[in-house]
Amino acid sequence: MGKDVIIACDFKEKQELMDFISGFRGLNPYLKIGMELFYAQGPEIVRELKREGFRIFLDLKLMDIPNTVKKAMASLRGLGVDMTNLHALGSSDMMKAAIEGLMGEDGKRPLLIAVTLLTSMSEEVMQKELLIPEKLDSAVMHYAENAKNSGLDGVVCSPLEAGKVHEVCGKKFLTVTPGIRFADGDKGDQVRVTTPEKAKLLGSDYIVVGRPITAAPDPVAAYKRCVAEFCD
Ligand code: C5P
């Protein structure tokens, strides 16, 4: 699987998104569409971007009973997305049902990746509030293994965890990693950040990059810089 850069399109308004992507036509980047835009604009926004030829990672982080997730995934497959995700916390049964829902009649399906534990979750909250008496790191690796054993393609994780995930789940299990900043850039609210070049060395398969591209004076140049550092 080749390495790729996914642009996190964290915009509220459709017009903002359309203005932003107008510079990228022809470059065929992967775009990440999240809950904010999807719930505000509906599935048509995804259809429109697919019609324009963009690859889409639909970041909706599903979690519900297996049957509901299976049917929701079938709906997402109908949108033609290239990658989508769910919470590994929803159980192996739910992850397996999700794969059934995503699978097309031709035996093809979008990539399905798992969120292990949200990075906003601290070990203290996990242990004291959720009563999971584990080290956070071992819980994350265990959920990654559950995802792999359920047939998923990879996990969202920090580039700093990518090597360990590959050790535990194998080289082909994808690591999709946010928290990317240029060496000379602003960290914003991300704490543990890595450059595209470092993410490549650490073994990330996809980097998810938002503000270093979306807020750059020249977003296309910033995207090309990410591709040059990470993919080439
Ligand atoms: O602007 P920035 O590059 O920080 O955006 C990163 C993107 O990745 C955002 O869409 C953010 O929600 C997402 N993300 C993250 N950290 C995670 C999971 C997702 O930053 N652990």
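Order of appearance sets the numbers: ligands from 1, and atoms from 1 within every ligand.
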* Before accepting this row, confirm whether a basic side-chain N of the pair Glu36/Lys12 lies closer than 4.0 Å to the acidic partner's carboxylate O. => no

* Counting distance only, does the side-chain N/O of Asp82 pair as donor-acceptor with the main-chain N or O of Phe57 below 3.5 Å? -> no

* **Pocket residues of ligand 1, ordered first by chain and then by residue number (heavy-atom cut-off under 4.0 Å)** => Ala8, Asp10, Lys32, Thr119, Pro178, Arg181, Gln190, Val208, Val209, Gly210, Arg211, Pro212

* Structure fact -> The remaining residues in the hydrophobic cluster of Ile65, counting side-chain heavy-atom contacts under 4.5 Å among Ile, Leu, Val, Met, Phe, Trp and Tyr, are none

* To do: Using atom types as modelled and distance alone, determine if a side-chain donor or acceptor of Arg47 lies under 3.5 Å from a backbone N or O of Leu79.
  => no

* To do: Report yes if some heavy atom in the side chain of Lys14 is under 4.5 Å from a heavy atom in the side chain of Glu48; otherwise report no.
  => yes

* **Residues Glu44 and Arg51 bridged, charged N to O under 4.0 Å** => yes

